[in-house]
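All chains are named by letter (A, B, ...) in the order of the sequence lines, taking the proteins before the strands, and each is independently numbered beginning at 1. Computed from heavy atoms alone, side chains included, the values below leave out hydrogens, waters and symmetry copies.
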Amino acid sequence: MSAALKLYNTLTRKEAEFRPIDPQNVRMYVCGPTVYDYAHIGNARPAIVFDVLYRLLRHVYGEAHVTYARNITDVDDKINARALRDHPGLPLNEAIRLVTEKTETQYHEDVRALGCLEPNIEPRATDNIPQMIEIIEKLIARGHAYVAGGEVLFDTKSMTDYGQLSKRPLDEQQAGARVAVDVHKKTPGDFVLWKLSSHNEPGWESPWGRGRPGWHIECSAMSGRYLGEVFDIHGGGLDLIFPHHENENAQSRCAHGTDVMANVWMHNGFVQVEGRKMSKSEGNFVTIYDLLHTEKFAGRQWPGEVLRLAMLMTHYREPIDFSVKRLEEAERLLSKWPTAEAGDAAPCDTVLAALSDDLNTVAAVQALHALAQEAQSDRTLLPVFAASADLLGVLPKPTEIDEAVAVEIDARVKARLELLKAKNFAEADKIRDTLSAEGIQLKDGKDPASGERVTTWEVKR
RNA sequence: GGCCUCGUGGCGGAGUGGUGACGCAGAGGACUGCAAAUCCUUGCACCCGAGUUCGAUUCUCGGCGAGGCCUCCA
């Protein structure tokens, strides 16, 4: 094993060597999508970033020794609103199911196109309602939650170190500055664990009546159920630090009586458009689907590999300005790389070392690019390149080409060389142009020994 | 008001107390019948001010600027 893995931890605001609780089972939880609408490219960032981490952990600890959970949030008031808007005629449950199923399927297609491996577990909130209720009961029993005004609320004052993650002492916040102070809350910072549902809202039976969970409780329930009371890594976007992760952390710790919920908390920076955060509420978002399948962005479609590489060209904690220029650069890099299949070779040390340094994908991509260039002249490096590229999930796969077609192309290339010998440039160029139009790029070179022209070809990328 | 990031050439981005990576784009050249590909060469930068220092882009302080969280949000 080479350099130790170092990760930046939001909890300590420091980089430190990663030490798993159990190297036989390294556990990571990442906040996944709320399935009410197409995911935008900003949502793609954590999927890609933590996919790289997942690949790295699998490399370091072995594929069988990493558990990656990414949830699907399928109960949320935005979903209800969308269901009512899109399917006004249907019963609510039916309408909600349509919205969540469709969005979830789309999300899976999108992230697959971005080269993301499937997590080991993708729990749904609605499959974990009893687990949520159980935690809430535990919190009430331990004096960390109370019932008021038809809601169960978490009592932030019951905890001496609420604010552990965001470093945000409760009393220094401007209470009521942004959120109206609820009269039934003991403290303005208290948040909902369970709320009652009206008959036209989805609900589940609970000790406090038919209702639905608050936003944060699902992650506590699911991470606890699938990864344990304390696990290794919890990830998500920067905006989740407060309140979402802070509150998850508070709930889980109080319910389980632990010092931390996860040892390492990692947060990715935003994707920006013209210097501003891309978000649904700002309305300045580009969906993954649109980028992949429509010509809405810069008048063309963009392959998933290009989007992925463009994302990895910036360190995950830095903001990314999403631009055509960076996509074009990513595409250009990819087109220069050899295609290969991942084999058993070990990845390049430089790439591995870069990734081990708090997921420095920028340095890793550069090392990979250098390796790609070396591999152009030294084919023995190809397996190492393939393994390294695969670690980042950006390995260009060879285009499947039919044997018969290949033979036919070879014949045309040969014919062109004959025409060139006869100095019939017009006909020779015609063959080149036709092949080009068919997506075949010819590459003329010179045999170093004989000085004869040799021509190779590849499928344009 | 509180709490966080960040400010390097056209772009993406390293890094260091002592002339300043690298990639992409640009420019020039080689090769070519012409292209493409490839190879070689190359211009361009460290937000401002003060301080520490023989010397700061790199350290300290102060500005200025940008962005984020404190409400749903990746």
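Both distances falling under 3.5 Å, in either a Watson-Crick or a G-U wobble arrangement, occur for no nucleotide opposite A74(B). In this structure, G15(B) makes no Watson-Crick or G-U wobble pair, since no nucleotide meets both defining distances under 3.5 angstrom. A 3.5 Å limit on both hydrogen-bonding distances identifies C24(B) as the Watson-Crick or G-U partner of G10(B). U60(B) is paired with A50(B) under the Watson-Crick or G-U wobble criterion, all donor-acceptor distances under 3.5 Å. Under the Watson-Crick and G-U wobble criteria, each requiring two contacts below 3.5 Å, nucleotide C3(B) is paired to G68(B).
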Identify the pairs formed between an N or O of the protein and an N or O of nucleotides 65-67 of chain B at a distance under 3.5 Å, and give each distance.
unit_1 : atom_1 : unit_2    : atom_2 : d
G67(B) : OP1    : Arg276(A) : NH2    : 3.4
G67(B) : O2'    : Gln272(A) : NE2    : 2.9

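A heavy-atom distance below 4.0 Å to RNA chain B is reached by these residues of residues 436-445 of chain A, ordered by number: Gln441(A), Leu442(A), Lys443(A), Asp444(A).
Taking for each of Asp357(A) and Asn43(A) the nucleotide of RNA chain B with the nearest heavy atom, the 5'-most of the two is the partner of Asp357(A). Nearer to the 5' terminus of RNA chain B, by closest-nucleotide assignment, is the contact made by Asn360(A) (compared with the other of Asn360(A) and Phe425(A)).
Annotation: C24(B) and U16(B) have their C1' atoms spaced 24 Å apart (nearest Å). When the P atom is used for both G33(B) and G26(B), the distance is 25 Å, rounded to whole Å. For C64(B) and C48(B), the P atoms lie 15 Å apart once the distance is rounded to whole Å. When the P atom is used for both G9(B) and C47(B), the distance is 8 Å, rounded to whole Å. The same atom, P, is picked in A21(B) and in U57(B); the two are 15 Å apart, to the nearest Å. A gap of 15 Å separates the P atoms of U52(B) and U58(B), to the nearest Å. Atom P of U60(B) sits at a distance of 16 Å from the matching atom of G18(B), rounded to the whole Å. Using atom P as the reference point in both C46(B) and G7(B), the two lie 15 Å apart (nearest Å).
Arg253(A) places a side-chain N or O within 3.5 Å of a backbone atom of Asp259(A) that can act as its donor or acceptor partner. Not one N or O on the side chain of Ser252(A) forms a donor-acceptor pair closer than 3.5 Å with the backbone of Asn249(A). For the pair Asp190(A) (side chain) and Lys185(A) (backbone), a donor-acceptor distance under 3.5 Å is absent. Listed for the Asn360(A) side chain is a donor-acceptor partner under 3.5 Å among the backbone atoms of Ala363(A).
When distances run from any side-chain atom of Met278(A) to the nucleotides C72(B), A74(B), C6(B), the shortest one goes to A74(B). In this structure, the nucleotide among G33(B), G23(B), A74(B) sitting nearest to the side chain of Leu240(A) is A74(B). Nearest to the side-chain atoms of Asp429(A) among the listed nucleotides G33(B), A74(B), C22(B) stands G33(B). Comparing A35(B), C70(B), A74(B) against the side chain of Pro46(A) picks out A74(B) as the nearest. Minimum atom distance to the side chain of Lys78(A) is reached by C72(B), of the listed A74(B), C72(B), G33(B).
Using a 4.0 Å heavy-atom distance criterion, His40(A) is classed as a base contact. Residue Gly236(A) is classed as a sugar-phosphate contact, given heavy-atom separations below 4.0 Å to backbone atoms only. If you check every strand for non-hydrogen atoms under 4.0 Å, Val271(A) touches a base. The residue Leu333(A) sits close only to the backbone: its heavy atoms come under 4.0 Å of sugar-phosphate atoms, none of a base. Contact annotation for Arg13(A): backbone-only contact, meaning every heavy-atom pair under 4.0 Å involves sugar-phosphate atoms and none involves a base.
As a whole-Å value, the separation of Trp457(A) CH2 from A37(B) C1' is 16 Å. Rounding to whole angstrom units, CG of residue Leu327(A) and C1' of C24(B) are separated by 13 Å. The distance from atom CD of Glu246(A) to atom C1' of C4(B) is 13 Å, rounded to the nearest whole Å. Rounding to whole angstrom units, CD of residue Gln376(A) and C1' of C39(B) are separated by 13 Å. Atom-to-atom, CZ of Arg432(A) to P of A37(B) comes out at 12 Å; the value is rounded to the nearest Å. The CZ atom of Arg70(A) sits 12 Å away from the C1' atom of A74(B) (whole-angstrom rounding). In this structure, Trp337(A) places its CH2 atom 11 Å from C1' of G23(B), rounding to the nearest Å. If you measure from atom NE2 of His369(A) to atom P of A21(B), you get 18 Å, rounded to the nearest angstrom.
Under a cutoff of 6.0 Å and an axis angle of 45°, Arg70(A) and Phe50(A) do not form a cation-pi pair. Geometric assessment of Arg58(A) against the ring of Tyr54(A) yields a positive cation-pi assignment under the 6.0 Å and 45° thresholds.
For G23(B), the base has a donor-acceptor partner in the side chain of Glu329(A) [N/O atoms by modelled type, under 3.5 angstrom].
Under the 30°/60° scheme for interplanar angles, the aromatic rings of Tyr289(A) and His293(A) are found to be tilted. Between His245(A) and His267(A), the ring planes lie tilted relative to each other; the angle falls in the 30° to 60° range. Between Tyr162(A) and Phe242(A), the two ring planes are perpendicular [angle over 60°; tilted spans 30° to 60°].
Other residues, nucleotides and ligands place no more than 12 heavy atoms under 6.0 Å from the CD atom of Glu118(A). In Glu17(A), the CD atom is crowded: over 12 heavy atoms of neighbouring residues, nucleotides or ligands sit closer than 6.0 Å.
Using a 4.0 Å cut-off between a side-chain N of Lys or Arg and a carboxylate O of Asp or Glu, Lys102(A) and Asp86(A) do not qualify as a salt bridge.
Side-chain nitrogen and oxygen atoms of His267(A) include none within less than 4.0 Å of the OP1 or OP2 phosphate oxygen of C4(B). Of the side-chain N and O atoms in Lys280(A), none sit less than 4.0 angstrom from OP1 or OP2 of A74(B).
Using a 4.5 Å heavy-atom threshold, the side chains of Phe191(A) and Leu153(A) count as separate.
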